[in-house]
Structure formats: structure tokens, C-alpha cells
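Beneath this line is the structure, given in C-alpha cells, with notes to follow.
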Amino acid sequence: MLNVIFTRMENQAVKTIQGNQTAARFSHILQKDAFLVFRSLCKLSMKPLADGPPDPKSHELRSKVVSLQLLLSVLQGAGPVFRTHEMFVNAIKQYLCVALSKNGVSSVPEVFELSLAIFLTLLSHFKVHLKMQIEVFFREIFLTILETTSSSFEHKWMVIQTLTRICADAQCVVDIYVNYDCDLNAANIYERLVNDLSKIAQGRSGQELGMTPLQELSLRKKGLECLVSILKCMVEWSRDMYINPNLQANLGQERPAEGDSADGKLQEHLSSRRDSVSSMDSTVSSGVQQSQPDHPEQYEVIKQQKEIIEHGIELFNKKPKRGLQYLQEQGMLGTSPEDIAQFLQQEERLDTTQVGEFLGENVKFNKEAMYCYVDRLDFCGKDFVSALRAFLEGFRLPGEAQKIDRLMEKFAARYLECNQGQTLFASADTAYVLAYSIIMLTTDLHSPQVKNKMTKEQYIKMNRGINDSKDLPMEYLSSIYDEIAGKKIAMKESKEYSITPKSSKPNVANEKQRRLLYNMEMEQMAKTAKALMEAVSHAQAPFFSATHLEHVRPMFKLAWTPLLAAFSVGLQDCDDQDVASLCLEGIRCAIRIACIFNMQLERDAYIQALARFTLLTASSSITEMKQKNIDTIKTLIMVAHTDGNYLGNSWHEILRCISQLELAQLIGTGVKTRYISGLIRQMAHIQESVGETSSQSVVVAVDRIFTGSTKLDGNAIVDFVRWLCAVSMDELASAHQPRMFSLQKIVEISYYNMNRIRLQWSRIWQVIGDHFNKVGCNPNEDVAIFAVDSLRQLSMKFLEKGELANFRFQKDFLRPFEHIMKKNRSPTIRDMVIRCVAQMVNSQAANIRSGWKNIFSVFHQAASDHDENIVDLAFQTTGHIVMNTFQQHFAAAIDSFQDAVKCLSEFVCNAAFPDTSMEAIRLIRHCAKYVSDRPQALREYTSDDMNVAPGDRVWVRGWFPILFELSCIINRCKLDVRTRGLTVMFEIMKSYGHTFEKHWWHDLFRIIFRIFDNMKLPEQQTEKTEWMTTTCNHALYAICDVFTQFYEPLSEVLLADIFAQLQWCVKQDNEQLARSGTNCLENLVILNGEKFSSEVWDVTCACMLDIFQTTSPHAYDTLDVEVDSQSQSSFERTLSERGHSQMSTARVSDHRLFAGLLIKCVVQLELIQTIDNIVFYPATSKREDAENMAAAQRDALEQAEETEADQGMYRHLSSQHLFKLLDCLLESHRFAKDFNSNNEQRTALWRAGFKGKSKPNLLKQETSNTTVHMLYGKVSGQVCSEALAYFISLTSESHREAWTSLLLLLLTRTLRMPDDKFKPHASCYYHHLCEMMQFDLIPELRAALRRFFLRIGSVFHIAAPELEPSVIQGLLLICSLASIWSFS
């Protein structure tokens, strides 16, 4: 009947509203009737029941039940008018919600259950209007019943049944979080709900509630069911953000990397979010929620602010100053006293005792805050006791009298300020004393500790004379006494506050006491709830309907810890199958949420918990594997299969479990028992329970993880591979028997994923390749062999795909071969690597591009090996590549051409195999032919040479590597090999140098000059000497040959460098190298001198001058000083006093010094001869000396023309150049004369140990024909006169003999002069020539003297008439006899 009335009301209301949009308060009488009926039912449901146990047949109970049933029916059948009309909404707030606050704590199960049903209907249909009422119902009834330990099982059960329905609605769950937990003025309903359900799910305080084990288990299941429902709601809410890898069409689809925000994803779905979520009320339509935009960021900011405030309140309730400071630092509270006072007055969650203590402090700031606090109170029109009650409601009076005194003093002043028209109190002092007396009266009358209570007369007497020495009216004081006696001043009780209220746990002796206590609590709960409902009955608060997907992130972040605790305890403590299933389902949902929103910490925590309960990981306590553990394993596998795209680092735990599962299967089937050791032996205890883990379904599920890796996105597959490699390393870490399960899986997934795009595959292989690097160097050869063979198979398959130009995928892929070859010293493994690479070359050469670098690097490592088989196999393959593969695919191998030459160079430098070395040099020579024949291919190849000019690419990619490696061979190898290398290097230069650019030559000679680098020469003296005598000597001549052959391009860029190198050679303490240096200088100038410009001659002459100066043996002077500083006897005495070792050291040092001086002397002679040969060509001076001697012997002088000026470089040298050379010769000549004339110095040197049968001398240097040619043939007679005077002064016969040829040359040249030139020379020489007659001269010289004197007679006209030949012969005979006589 009632439903008919409300239906008619709805229909009539719709018609009336359509006809008249401006309807009255009630548009129809039926609406008013419906309102009155609804209000009556609410009031009827609030009628109290009789005391004592409820009687089901009593009128009161039956009427209450009927009224609640009718109200439920009305609400369930309510139409849009009833749901939206203001009058009906207000009726629900003012009457129904108040009635529910009373009946919602009823001890009658039927009433309580109906109240819960009504609340569910309100939450479903009217929540947008009842935000504050819903909060009160949750906070004061639902959650309080769940939290209190004295509530009955029946009440908890019905509440949790209701919560099950609420938690199953995703819209409702999200709305609760958004509207309450994200509201600064509301309680944290969602957070408290999750925490309470978690405690129930963990079975806490079950014994204290007096429940049976069965009841406790049922309640735990319901709690878990609610928690799982909440998680399912979150999964459902965010399902549009989830990508199932098994439904992806494209292999390797990308997703944001870990840590990337999911904000803004699938925005097109947000408008239809509510349509896609199952809701208890799909017909809710209200402008309130539809008009509000949904911004998760704003709600998160509010939630953060709320958390800050709550933490500050917690701190305040412990220490007020600290709490206020924290809130001020966070910007949530001002610093002025007014701000503090407002905060203390408005925040109801503050501990009233701490508020009172803070306000009563005798600190300036505290007193200012207290004054502001009191000044905010309005006492206008209130009587004194009422004002005092209002004042003391906000805090608890402190216990210290001085603090109370300050508070009462300010209260009295404020009361009189608000009531200035009163005439009762003469001053504020009266109000102050009276307030204090009222406080004392309250304590006296209502404190159980006071036995003797104060009477009214005593109270009146106590207050006499307080009104400016007068009494207050007796009737007034009497009324105050009566009022206080009837109702004490209610000061708020202090309570320990926490954001999640803690349930008190009083000790209940028996069931009767527990029920009594519960009834008392329920009564107090009803009073509180009713008061709160009435307080908010007229309040308006907007209710937002959530739509955004992102709300789930903060919701889960808030709840994941209690959820994890509930599921972990359930799996650990309870063996019930339903509990385990709920826990596993909850964990799976939690992992899904954490994965979707990239919450790494939360995801890892749940995965670790799941892995721990599989009993497979090393940290698990291995006892007996139960069905729940088997289910956990299956759940873990399912998570890996469905959420693989999001697991990130959590793959580690999953793959560890899979690895241990495989081991458990081996143990369970009795296979490979050798794996059981240590911890693994403990796993043998689970053999009986492990049968199911070996079932076909589990094995197939595990395989699906690996075969399904192709469906993982680009980031997920990298994480998967990385952690699979980590697990593989753990498996291989066993020294006794490593396992290769994960290694096999790595090979499998490499096959599966090889068809991914190159960008993804390169990232995958970066991880796998590094793993193969380590595994290939495993000390266990079986493991290393498996790794190398797997690499071979993968490489063959990968190379089949080929590679485009300028890519580097093959290089990255084949790098493990290179690493293994470098790090693994096992001959077996190294041989296998070489064979694998050789097989790749033989079968896939046409497809190899960037991989050539790795191949040559492997062979480079093998080239230095001492195993003949390894070296031979590697060299055979290298030779095949150079001779055949390069012939066919040279363009593809250009990038690795340098590596090929370097590899051949390493073969050459392996001293253990000389035949291989020589053959490798031949191959290098063959490589030069490729460069010469195919320069265009090198020019067109770009790759890394983008900054190199096309014309220089031939040099950079071709010639330079060949010549550089040949120079390395020369510097590293033994004599025969380096000689061959040197020969080949200069052959290449001579054969192909015509194609070289000028700047190429400069780079090339920088390489060549490394041969002469002091820092690179052998350290041992013998090896260094051999090096200089052979290699440096050979190289020096070859350099000059190349320079002569390519003089035009080289002269501009390298002449100075070559001269510098020749100077270096001349300066070395090696006679052979020094001689070679001067000889090369001579050849260089003679062969190219005709092409020299004046500037080049300047450089050449400067070079010669520098060599003269640096090789002059001036150390003779130093030695002379050292020897002359002591007498010979003291010198010998000093030597005898030296120790043996010192003497030997000194001798070695002296020998080295003398050897160096000898070399310098040799160089000086060679330089003099070099200048002679350069200026006049070789053998000119010798030929002239022979001719002069022959002429003297014939006693005839041929008047030949002087032709020497036309010989050699003489005609190309300017006067300046000639004089520069003359300076050199003159300096050398004079130094030699001075030394030869110093007999004491020579004697001292000889005695000091200078080698030789006679005293040291520089006669050859002094008497060199070159000196005479240059000095006596081209300069003034004064110099010649000095030379003759020097000859006459000589005392040594051998010394004079050395000068014979010079004197003969001097006289011959002078005789050939015309008379006009001969005359002045003869005048200078005459006296000296006469003095020479006293010496025993050779016949040739005497013949020359004779001709000279005869010429003097004719030129100066002093000769007698020409005599007969017979007379002349007689005179000559007489002269000869005279000479013999004088000599004897």
C-alpha cells in the first residue's frame, strides 16, 4: 500500500513539474503526504525498546522492525523526484539518518541488519546528498564496531557482510577515498577501513572477542574477501591502462620505461569512466557530481596536506611546541598568535590536556596566543556559568594553580568585556574569584577522591566579600551551587589521538561482562552518532563522483602495506584452502595495480612475498611443501605470463623461483642427484610433495614464459633477459656441478627474439653478450664449451640476415668471441673459438660486414699464442680472407682493413713461428696491392671517416695502416724479420709512392723516423748496437733512396726532417751508423744537388756546420785539464789507492769516453771527405794527388788547365756557401793542428789508457786533401805561408811525412800559376822553402822544390844562362849528395 502511495506521488509530481516549472515547496498534496508518512516512519523507528532482553513479540520491537522495513522499501523504490527533491533529501538528513544512528547500534540483530540495509541503499542512491552523514555512519558505527574488542561476533559479521557489498563497487570505493581521505575536514574512511579489514583478515584479537576458531576463520575469510574486492575494484577502475602482452599483435611493442608517469594515458576513456565500472546504482544522475571536474593532482595535493596536518597533530599531542613548529615549517600554519589561537580552537583532534598546558604557559607568545584564543569566544548575553562551560569545553584545565589563575583571569576580563551592561559584578576581580570558586566547587562535588563534600552554606561563606568587599546575592550563589551539583562543568576528557584510532583492549573476565561493556559502549556510540547526525543535518557538503583512472595510484600507495600484511599472514599462518586462494588472488591483483602504475617498491614487495611462499628461494624455510605453496608457484607463473611487461626488477625473484623449480623437479624425479649439496640437500625433503610441480601443466606454463618473451615490449624484454642472466650466473656459481638451465633458456629466447627490430635486439644482446663474456670464461670447460657453441649457433643464424652498410649490429653480436679469446687461457676453449670463427668465415663471408672487426680481433689474439695449432688455424683463415675473401668482397671489408693488417702484423711478431712471420709479411705486401688496385672503393667508403676528405680516405684506410704496421714490425721483431719488413715497407713506398700526396709523405716519415727513436731502441747495449748497425743503417740508406726517387714532392715537406735525422745518426755512439749518416748525406746532396735552390743549399750548409760543431772532439781539452792537474806519479798513485770496483768502473767509463772521442774523430774525417766529394765529386782529390806525384816522379810539370772547378757541386755553390764550408774546414784543421802540436796532452792521454800503439793524433784530419784543395787552392798566400812555417816547426818525422802530399800539392798548384800570380806567392814562400832544404824530403818533393826554385830564377830574372842538360844533371847530383850528407 505504501509503495502505491509513493508511486502515485512520483507520477503526479512529474506531471506537475512538466506543467509548472516554478512549483511550490510541495508541488502536489501527495508529496506532502509522502513527506509526512516518511517522517512518521522515521520517528516510529526511533522509539526506545523496553529495558531488559528484547522480546520479539513486543509491540515496540515489532513496530520498529516494520517501520525500518517500510523505510527500506521506500528507499529502494524511490524515483528521481524523491532522490532529488530538496524536502525529501532534508527529511532523510534530519529524520532518517538520526534514526539510523540510533538503530545502527541496536543489540537486536534484526534491527541492526535492517539499519545496515537502509544505509546501503542510502549509499547507493543518495550519497551525493549525504556526504557528512555517511562519514558519521562509517566513523562512529561501522569502523568503531570493527575496532572495538567488546563488540559481538554477530555485529562484526553483519558489518563486514555490508562492507563486502560496498567494497565490491569500484565507483563507491574510489568515491570514498576521494571525498573523505582527500578532504581536509573529513576522516580517513578509506584508510581506516583498509587497516581494520587487514587486522580482521590477520585474525587479530580473535580470542579476546570470545569467538570460536570457526567464527574467527569465517571472519578472516570475510575480511580477506573485502580486501580482495577493494583490489579488484582498483584493477577494474584502471583496466584501460593495462596492456596484456599475450594480446599484442606486434612483437616488441614499446611501453614507457620504469619510472615514467602514466598521467594522461587513455584520456579518451575518462568521459565514459563511470559507464565502464560496475556500480550499485547505475541510474544515479545528479548535477552535483557531473558538474565537478576530476583532477587527481589536486586531490593528491590535498591528501599530502592532510597527512602533514595529521602528523603535526600527532606531534602536538606529544609536545605542542614541536607540533606547531612542524606545521609552520610545512606552511600549513601561520606564525602569529591569532593563527595559533584559531588552530587550537577549530581543530577538534588536538589533545585537550596539551591545549590547556600550552595556553597556561607563562611564556610571552603562549600568553598572547591564550589572549587571542579567549578573545575569539563570544559570551554576550550568557550567564556566568554557561559562559564558563563554553570556555572550558575546548581544553582541559592544567593541574598547576598558576596556569589556572592566568586562564581564569583572562576569562573574567573577556566576560565583562562581552557583558558591559551587567550590574552584578563590580569589577573583573569579582568574576575572576567567582570563576575560580566554581572550578573548586566542581572538583569538590564531583571528584570521587573527595570524601567530605562542600555544603551550600560553606560555598556561600567562601564567596563572601568578593564583589568589591561586598557579597554577591545569596540566591545567585545558591543557584550556582545547585546547577554545579546537578551537572558538572563538562571539560573534554583527554584521549590519545592517532590518525588510525587504536582499539582499547580491556580485560573481560567473562561473556556477561563483555556484553555489559559492549552495551555501554553501544549506548555511548549511539549518543555520539545521534549528536553528530543532528549537528550535520542542515550542513551542505559537495560530493564528488570520481572518474579519473589515476586515483588508483594514491589509493594503492596508501593501502599496500596493510594489504600485504594481511595476505602474508594469511598464507603463512593458515592452511585453509579458501584463505590461501583469497590471499593469492589479492596478491595477484596488487601486483597488477603496482605494475600498471609503475610502483616499483610495492611491486617488488609483493613479488618477493609471493616468491617467499613458494618455498623455492634460498631464504625460505624449507619444511614441507603444501598445496598452498603449489598454488603460490602457479600464481607466480601466472603473474609472469600476464604482467610481464611491467615486472622490471621483479623478474629476478620470478626467475629464481623457476630455476629452483626446475631443480626441485630434477630432485623429485630422481634425476641428477649430484646437484644436491648444502641447501639443495634440504630440498630433497620436498620430493614427495613436488609431484604436482612436475605436472605437465606447470612445465607448459613455465615454457610459455620463455616462448611468450616475444610478446614483451622493448623495455620488458631487456629486464627479463637481464635477470635471467643474473639467475644463470647464480646457477653457474657452483664450483662442483654448475647448472645450465637458465643458460639454455637464454639461448632459446635469443632464437625467439632475434627477429625483433634492431634497436630492441641490440639492447637485448648487450645484456646477453655480456653474459656470454662471463660464461665463456667460466673455469668449468663444459660450461665454456656450451657457451661458445651456443654463440656459434646464434651467430650463424644472425649472420644469415646480413647487414646494411654503416651498421654495427654484427660487431656487437660477435664481440663475445673476442672477449672470450682475450680472457680465457684454456687451449681447448681458444681452439674452439678459432674453429667457430673459421666456420663463420667459410660459410657466411658474403654476409659479414661490421663483424670483420671482431673476426680479426679474435685472430689477433690467436696470433700471439704459443700453441702451434691455434696459430696455424688462425693464420690459415686469415690468409684465406686476405687472398680470397678480400678479392671478392673488398668493399664490405674496408672498415676492417686496418684490423686485418694489424692482425697480420701480430702474426709477424710471434717469434715462435718464423715461417708464419715471413708469410704474414708477404700477405701485408699483398694487401698493398688491394689498396693500389681499388682506390675508388676506399674513396667512396664513408662510415667513420665522414670528417676525412675523400681524397685522404685512401691514405687513412689503406696506405697508412699498412705502413704503420710494417714500422711496428720493424720495431718489435728480430733481425731477420724486421729486415724483411723494412725491405717490404720501402718496396711499397718505391712502387706506389707516385700515388701519394705531399701531406701523406709527412705522416709516413713520422712513422719511419720512429725506427730511430731513442725511447724505442733496445735497452741493452749489445742489442742497441746491433739495431743501429743493421736496421738503422739499412733504413737510412733506404730513406735517401726514396727521397732521391721522389725528390720533387718530398723536398718541400721533408728535407729539414731528413737532415735532422741524418744529424741524429751522426751524433750516435756508433761508428757504423755515423759513417752511414755522412755517406747518406753525401749521396743525398750529390744526387740531388743540381736541383737544390739557394734556400736548400743554406739548409744543407747549416746542417754540415752543425755536424762539424757537434762532432768536434773537444773533450780532449777536458781530459787534458784532468790529467795535467796532477803529475804522472800522483796519477799512478791515485789509481793504486782506488778500490778494485771503483777502478773497473772508472775504466769502463774511460773506455766509453775514448770510444766516443774516436767516433767523433772518424766523423770529422768522414765529413771532410764528404765535403770534398760533394764539392769535387768522389776520387777527384785522390786522382789529382796521384797525378801530381807521377808528374814529380817524371820530373815534369804539365801545364794543364784547371778543370776541377767544373767538377762536383762547385759550380752550384755560391761564394757564401763555399766560405761557410771553408769555415768548417778551417776550424777542423786548426783544432787538429793544435792537438797534434800539444805533445804533453797526447802523452797524458796515451798514458791514461787511450787505445793505440802510439800517442793519439789527428794527422789525417790535419792533412786532409780537402783542406788543401779548399784552403790552399782558393785563399791567399798568407795562409799557405803559415802552413809552410808550421811544417818547418814540426819535430816528428812521421808528422812531416803526413804533410808531404800537401806540400807537393801546394808547390804544384803554385807552379801552375801564371807569372803575375806566381811572383807574390813565391815572395811569401821563398824563405820557408829554403828552410825546408835542411830536411830529408822524398825525391818527388825535392823535384818539385827544384822546379819551384828554377821558376823563381826565371820569373825574377836572376837565373844564369841556360845550361846544358848534362851540366844540370851534375848539379842535381851534387845537391842530392849534399842533402844526404847534411842529414847524416
Which pair of non-hydrogen atoms, one from Cys589 and one from Lys232, has the smallest distance, and what is that distance? SG-CG, 4.0 Å

Let me see the working for Leu615 and Lys626 under side chain to side chain contact (heavy atoms under 4.5 Å, CB included), right down to the final yes or no. CA-CA 10 Å; Leu615 299 185; Lys626 302 176 182 178; over 6 Å; no

Does the side chain of Lys306 come under 3.5 Å of the side chain of Asn188 through a donor N or O and an acceptor N or O? yes

Considering all heavy atoms, the nearest Leu712-Gly644 contact: CD2-C, 3.6 Å

Between Asp770 and Lys774, is the salt bridge (Lys or Arg N to Asp or Glu O under 4.0 Å) condition met? List the steps. CA-CA 7 Å; Asp770 184 63; Lys774 299 173 183 176; 3.5 Å; yes

Quiz question: by atom type and distance under 3.5 Å, do the side chains of Gln202 and Ser198 form a donor-acceptor pair? yes

SB check Arg553 Glu300 (cutoff 4.0 Å): no

Test salt bridge (Lys or Arg N to Asp or Glu O under 4.0 Å), reference Lys557, set Glu191, Glu550, Glu602, output is Glu602

Presence of salt bridge, Lys199 and Glu147, under 4.0 angstrom: no

For Asp181 and Tyr190, indicate whether the former's side chain and the latter's backbone hold a donor-acceptor pair under 3.5 Å. yes

Got Ile189 and Phe142 here, is their nearest side-chain heavy-atom distance under 4.5 Å? no

Do you know which two heavy atoms are closest between Cys182 and Lys303, and how far apart they sit? SG-CB, 4.1 Å

Set out, in order, the CA-CA distance, both residues' side-chain angles and the distance that settles side chain to side chain contact (heavy atoms under 4.5 Å, CB included) for Leu143 and Leu193, then state yes or no. CA-CA 7 Å; Leu143 300 180; Leu193 176 62; 4.1 Å; yes

I want to know whether Tyr177 and His551 have ring centres closer than 6.0 Å. no

Keeping Ser790 on the side-chain end and Gln744 on the backbone end, is there a donor-acceptor pair under 3.5 Å? no

Test item: Val727 and Gln660 side chains (from C-beta on) under 4.5 Å apart, heavy atoms: no

Within the 4.5 Å heavy-atom criterion, are Val767 and Trp723 side-chain neighbours or not? no

Taking Thr164 for the side chain and Ile160 for the main chain, is one N or O donor matched with an acceptor at less than 3.5 Å? yes

Counting distance only, does the side-chain N/O of Trp237 pair as donor-acceptor with the main-chain N or O of His548 below 3.5 Å? yes

Between the side chain of Ser709 and the main-chain N/O of Ile705, is any donor-acceptor distance below 3.5 Å? no

Just how far is it from atom CG of Leu663 to atom CG of Leu616, taken to the nearest 0.5 Å? 9.5 Å

Between atom SG of Cys574 and atom CG of Leu217, what is the distance when rounded to the nearest 0.5 Å? 5.5 Å

Looking at Gln766, I want to see if its CD is surrounded by more than 12 non-hydrogen atoms of other residues, nucleotides or ligands under 6.0 Å. no

Under 3.5 Å, side chain of Lys156 to main-chain N/O of Ile145, donor-acceptor pair present? yes

Ignoring hydrogens and angles, tell me if any N or O in the side chain of Asn645 forms a donor-acceptor pair with the backbone of Asp713 under 3.5 Å. yes

Does the pair Ser750 and Ile746 meet the rule for a side chain to side chain contact (heavy atoms under 4.5 Å, CB included), with working shown? CA-CA 6 Å; Ser750 299; Ile746 290 172; 4.3 Å; yes

Taking every heavy atom of Ile200 against every heavy atom of Gly223, the minimum-distance pair comes out as CG2-CA, 4.4 Å

Between Ser238 and Met241 (side chain of the first, backbone of the second, donor and acceptor by atom type, cut-off under 3.5 Å), is there such a pair? no

What I want to check is whether the side chains of Glu731 and Ser742 have a donor and an acceptor closer together than 3.5 Å. yes

Return the minimal non-hydrogen interatomic distance between His771 and Cys725, and the atom names on each side. CE1-O, 3.3 Å

Are any of the side-chain heavy atoms of Ile768 and Phe772 separated by less than 4.5 Å? yes

Compute whether any side-chain donor of one residue and acceptor of the other, for Asn629 and Thr614, lie under 3.5 angstrom apart. no

Gln215 side chain reached by Leu219 side chain, heavy atoms, under 4.5 Å: no

Straight-line distance of Ile749 CD1 to Leu724 CG, nearest 0.5 Å: 5.0 Å

Between Arg656 and Asp730, does any NZ, NE, NH1 or NH2 come within less than 4.0 Å of an OD or OE carboxylate oxygen? no

Given the ring of Tyr646, does Arg603 sit roughly above its face, with NZ or CZ under 6.0 Å from the centre of the six-membered ring and within 45° of the axis? no

Could Asp576 and Arg220 be called an ion pair, given the rule that one side-chain N must be under 4.0 Å from one carboxylate O? no

Between the side chains of Glu653 and Arg612, is the shortest nitrogen-to-carboxylate-oxygen separation below 4.0 Å, so that they form an ion pair? no

Please find the pair of heavy atoms, one from Leu647 and one from Ala640, that lie closest to each other, and give the distance. CD1-CA, 3.9 Å

Between Ile658 and Trp651, is there a side-chain heavy-atom distance shorter than 4.5 Å? no

Thr635-Arg588 side chain donor-acceptor pair, cut-off 3.5 Å: no

Start with the C-alpha distance between Leu732 and Arg739, add both sets of side-chain angles, then the distance that settles side chain to side chain contact (heavy atoms under 4.5 Å, CB included), and finish with yes or no. CA-CA 6 Å; Leu732 298 172; Arg739 290 192 301 129; over 6 Å; no

Looking only at atom types and distance, does a side-chain atom of Ser762 sit under 3.5 Å from a main-chain N or O of Leu759, one as donor and one as acceptor? yes

For Arg756 and Asn753, test the side chains for any donor-to-acceptor distance below 3.5 angstrom and give the result as yes or no. yes

As an exercise, state the distance from CD1 of Ile654 to OG of Ser659, rounded to the nearest 0.5 Å. 13.5 Å

For the residue pair Tyr606 and Phe567, does the interplanar ring angle fall in the parallel (under 30°), tilted (30 to 60°) or perpendicular (over 60°) class? tilted

Using a 4.5 Å cut-off on heavy atoms from C-beta on, say whether the side chain of Phe613 contacts that of Cys583. no

Compare all side-chain heavy atoms of Asp578 with those of Leu224 and state whether any distance is below 4.5 angstrom. no

Can a donor-acceptor pair be found, under 3.5 Å and without considering hydrogens, that links the side chain of Ser218 to the backbone of Leu214? yes

Between the CG atom in Leu231 and the CE atom in Met555, the distance rounded to the nearest 0.5 Å is 9.5 Å

salt_bridge(Lys628, Asp631) N-O dist < 4.0 Å: no

Find the distance between CD1 (Ile587) and OG1 (Thr632) and round it off to the nearest 0.5 Å. 7.0 Å

